[in-house]
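Here the structure is laid out as structure tokens; the discussion comes afterwards.
Letters A, B, ... mirror the listed sequences (proteins, then strands); counts begin at 1. What's counted below: heavy atoms across the whole structure, side chains too, no hydrogens, waters or symmetry copies.
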2 protein chains.
Amino acid sequence: MSELVQDTITRLRDSGMRKTKALVELVETLADESRPMTLAELCASKRLVDLCDKATVFRLLQKFADKGVVRRLGLHERAAYFVLLVPGRHSDYLICTSCGTIEAIKAPCPVHALEDEIREKTGYQNLYHELEFFGVCPACV
Amino acid sequence: MSELVQDTITRLRDSGMRKTKALVELVETLADESRPMTLAELCASKRLVDLCDKATVFRLLQKFADKGVVRRLGLHERAAYFVLLVPGRHSDYLICTSCGTIEAIKAPCPVHALEDEIREKTGYQNLYHELEFFGVCPACV
DNA sequence: GTAATTGCAAATACTTTGCCACGTA
DNA sequence: TACGTGGCAAAGTATTTGCAATTAC
């Protein structure tokens with residue numbers, strides 16, 4: 001068991017959770033992959049597929065996120081977001097994790113150089129990016 | 001009607017779509033707001049609420065996205081993505097829009113300076129960011 | 001022993017489609 | 001007139017919850 005896994009489990013224990021097989025194997029799976037994964041992917045992974053129910057994984061992830069051990073990616077709502085593409089313009093967004101307000105950021109986007117580098121080094125076609133900042137807005141503090 | 005709206009409608013017309021009231025009002029709404037919006041928000045907006053059905057807005061958005069006029073934000077799957085947070089580490093991701101593969105990017109993240117600036121200027125608390133690059137990976141081209 | 005955790009199944013939520021009526025070109 | 005578009009309702013997919021049984025401590 002890696003140090004990261006040990007440490008993560010310790011943090012979860014310290015926050016009051018019980019060390020169950022499902023908890024340990026979920027942390028191991030997340031650490032193994034070190035990339036964003038869906039609930040379905042996690043449940044289908046070899047460590048978890050025959051071990052526990054989807055509801056269990058869901059509830060563990062929820063608690064992990066509460067405790068800051070896991071992050072759920074994406075914008076505020078569960079629903080999909082659509083935005084108009086304006087030729088020649090690019091926007092990044094600032095989103096309040098409490099009230100869900102989304103505003104466009106005026107500052108120039110600092111990512112174009114890295115985007116060019118990725119285009120050259122990886123051979124990905126039609127490259128573009130999304131950049132979002134999340135935090136609690138002054139009105140919600 | 002703004003130039004952006006006119007131009008967008010022209011592009012949609014040129015790609016074979018018919019100019020209907022629902023299409024025009026949806027484009028106007030997206031241009032008015034110029035921020036990512038959910039299907040529910042769009043349907044509830046003043047221009048659309050009494051004009052057309054949710055299925056209509058959905059199908060229009062789908063076509064707009066096909067034609068590159070609108071972008072649907074977020075990772076590949078409809079489902080939520082979860083990732084383990086490693087203290088002291090931050091990752092950005094490169095995602096194939098065709099096969100959905102997600103890989104972490106090794107290059108240093110160029111966003112920290114802007115993040116600091118936003119923290120100072122806006123007063124948002126607990127600020128963090130997500131940065132994703134999207135494109136078609138070499139295996140999918 | 002007690003309270004957290006789990007499985008199962010049901011309830012929600014959001015998205016997507018089928019079908020026929022309708023409107024645009 | 002012909003074919004894209006729209007409304008309504010139903011189906012599909014993902015998320016979330018209730019409750020009784022189980023397990024960690």
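In this structure, CG of B:D66 is placed 12 Å from P of D:dT5, rounded to the nearest angstrom. If you measure from atom CG of B:L23 to atom C1' of D:dT5, you get 10 Å, rounded to the nearest angstrom. The nearest whole Å value for the distance from the CG atom in A:L60 to the P atom in C:dA4 is 15 Å. The distance from atom CG of B:L75 to atom P of D:dA14 is 15 Å, rounded to the nearest whole Å. For the pair B:K67 NZ and D:dT5 C1', the computed distance is 13 Å after rounding to whole Å. Distance A:L48 CG to C:dT6 C1': 14 Å, rounded to the nearest Å. Note: CG (B:L12) to C1' (D:dT5) measures 14 Å, nearest angstrom. If you measure from atom CG of A:L61 to atom P of D:dA14, you get 16 Å, rounded to the nearest angstrom.
The shortest distance between side-chain heavy atoms of B:S45 and B:E33 does not fall below 4.5 Å. Looking at A:K19 and A:V24, their side chains come closer than 4.5 Å, going by heavy atoms from C-beta outward.
Ion pairing of A:K63 with A:D66 is absent here, as no side-chain N (NZ or NE/NH1/NH2) approaches a carboxylate O to less than 4.0 Å. Ion pairing of A:R11 with A:D14 is absent here, as no side-chain N (NZ or NE/NH1/NH2) approaches a carboxylate O to less than 4.0 Å.
Listed pair B:R78 / C:dA13 fails the phosphate criterion, with no side-chain N or O lying under 4.0 Å from OP1 or OP2. The side chain of B:K54 places no N or O atom within less than 4.0 Å of a non-bridging phosphate oxygen (OP1 or OP2) of D:dA9.
For the side chain to side chain contact (heavy atoms under 4.5 Å, CB included) criterion with B:L26, the lone passing option out of B:V70, B:T20, B:V57 is B:V57.
Follow the hydrophobic side-chain contacts under 4.5 Å out from A:Y81 and you never reach A:L131; the two are in separate clusters.
Heavy atoms of A:A40 sit nowhere under 4.0 angstrom from any nucleic acid atom.
For the pair A:L51 and A:A80, nearest-nucleotide mapping onto DNA chain C gives the more 5' position to A:L51.
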May I have the list of side-chain donor-acceptor pairs in residues 93-103 of chain B shorter than 3.5 Å, sequence neighbours left out?
residue: B:T97; atom: OG1; partner: B:G135; partner atom: O; Å: 3.4
residue: B:E103; atom: OE2; partner: A:Y124; partner atom: OH; Å: 3.3

Quiz item: Which letter, B, S or -, goes with each nucleotide of nucleotides 17-25 of chain C from 5' to 3', with contact meaning a protein heavy atom under 4.0 Å?
Solution: BBB---BBS
